[in-house]
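Everything below concerns the one structure shown next.
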Amino acid sequence: MRSILFALLTTPALALAQDVPVPMRLTDDVHGVYDNDLLSPEFHRGRREALRAKLPVGGVAIFFASPVRNRSNDVDYEYHQDPNFYYLTGLREPEALLIVFKEPRMIAGETTDELLVVQDRDPQSEVWNGKSMGPAEAKELLGLKSAMGAMRFKNTELPWKAADAIFSHRVDDPADDPHSSTDLADLLKHMEVTAPAGKEGGPADIRRWMAELRELKTEEELVLMRKAIDITCEAQKELMRRLRPNMTEYQTEAIVEYVFKTNGAEHEGFPSIQGGGPHSCVLHYITNRRTLADGDLLVSDIGAEYHGYTADVTRTLPANGRFTKDQRAIYDLVLAAQEAGIAEARAGMPFRAPHNAAWAVIVKGMKELGIIKEESELRRYFMHGTSHYLGLDVHDAGTYGDLKAGSVITVEPGIYIAKDSPCDPRWWGIGVRIEDDILITHGDPVNLSAGAPRKADEVEALMAR
Ligand code: GLY
């Protein structure tokens, strides 16, 4: 292990982080679980209780794990749990389902108001894929009142007679593995066949309840969100320190994702956007193959995902370390718009208030710069909303009503002036987005991503170093 670490640190392309962080205390690996800062079983239990409180009398809610998706032939995409399922259970394994009952019911001789169904442990599969939990360990480790193996579940009668309304969370068609009779496709079929017709609750209800719950972050969630955001800010700073012309977009991607992984982030919350030069004007550019020219801007829109929670922080950087006068004019305008947007990010304000404030600043500034004459022209250059919720999803679940204390939103205005736009060509190719993650409180907004420099002078100063 030491020698691998040494090799990593002495390989020029990877010698990025001077201090690779020492992981937190390792727990035993009996269950393949090493992290000791995961969400607690009490958190997930609390979330199930909050959902149960929303269910009507006689209501039942059913959630399915995300399907495994095949990439090609023998290779699947890296598995990622359905955020609602993870939120309610903490389980990160596939081929599982959760049933939450409003009232306790008798299932297989046991009175319970919840049942987690997972795959039984399979020594053959564990040779290839490592340990899985199985029902007994899932029950113990995740703190479920009841858990059952999938085979037993298929032979167990469920208390459907007592159910008045069955709310089922949508699941995309899972692939049916011909070698398994208990995979997700089989569990889904089993539920369809056994659940009584005519008792379906509306799918919109379950979506709304989950949005209401997930919109408000608990302290425990905020600890993980802060961690994901801190890692992401560190990645942006590392990029500022290392960026130079002639680097490729994929090398800038490598810099930020190296920081993610060395700090324990399991995934990117979304594919890293590293748009240089003309690509700075492509909102969700992820090809990341171009070589950066001297004078290019780079839009770096990234988010580490830590224990399920993702950050989303954008910085726009001059490849050579200095903004040109025109780039700086657009940059400062976007920054002023962002400041105006953040100031509106307060409990009780309409969700759109930050966007309206940012929009007004950009309309005025773009007119002063002579890039537009009428407000109606701005849609060409600022074509997206300013905010979305952030959490388990980068565009997280939420109600989009008035802002509430405890939710986290992004504030991310941008201006994108693509080649051939109807303005002076000196502006062409300038794309700027600045994005921060804002915690709504009962007082002032809290910028959770303030750790990554944002003002043009601060960016240039860090790049000069
Ligand atoms: N930052 C990527 C997105 O908001 O979709």
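We count ligands from 1, going down the list as the structure has it; atoms in each ligand are counted the same way. For the single chain, residues carry numbers from 1 onward in sequence order. Computation of the quantities below employed the complete heavy-atom set of this structure, encompassing side-chain atoms and omitting hydrogens, waters and symmetry-equivalent molecules.
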(message) Going by the rule side chain to side chain donor-acceptor pair (under 3.5 Å), which residues pair with Glu344 if we only count those two or more places apart in sequence or in a different chain?
(response) none

Between ligand 1 and the protein, find all N/O pairs closer than 3.5 Å and give the distance for each.
unit_1   : atom_1 : unit_2 : atom_2 : d
ligand 1 : 1 (N)  : Asp301 : OD1    : 2.8
ligand 1 : 1 (N)  : Asp301 : OD2    : 3.0
ligand 1 : 1 (N)  : Asp312 : OD1    : 2.7
ligand 1 : 1 (N)  : Asp312 : OD2    : 3.1
ligand 1 : 4 (O)  : Asp312 : OD2    : 3.3
ligand 1 : 4 (O)  : His388 : NE2    : 3.1
ligand 1 : 4 (O)  : His395 : NE2    : 2.8
ligand 1 : 5 (O)  : His284 : NE2    : 2.9
ligand 1 : 5 (O)  : His395 : NE2    : 2.8

(request) Return the set of residues passing side chain to side chain donor-acceptor pair (under 3.5 Å) with Asp436 (not counting sequence neighbours), or none when no residue passes. (result) Arg315, Gln338, Asn447, Ser449

(request) Would you please test Thr310 and Glu305 for side chain to side chain donor-acceptor pair (under 3.5 Å) and show each step? (result) CA-CA 4 Å; Thr310 187; Glu305 183 183 305; 5.4 Å; no

(request) Just jot down the ring pair (Phe, Tyr, Trp, His ring centres under 6.0 Å) partners of His384, sequence neighbours excluded, or say none. (result) Phe382, Tyr416

(message) If we count only N and O atoms by modelled type, under 3.5 Å, do the side chains of Tyr309 and Asp396 hold a donor and an acceptor together?
(response) no

(request) Would you mind reporting whether Met463 and Pro318 have side-chain heavy atoms less than 4.5 Å apart? (result) yes

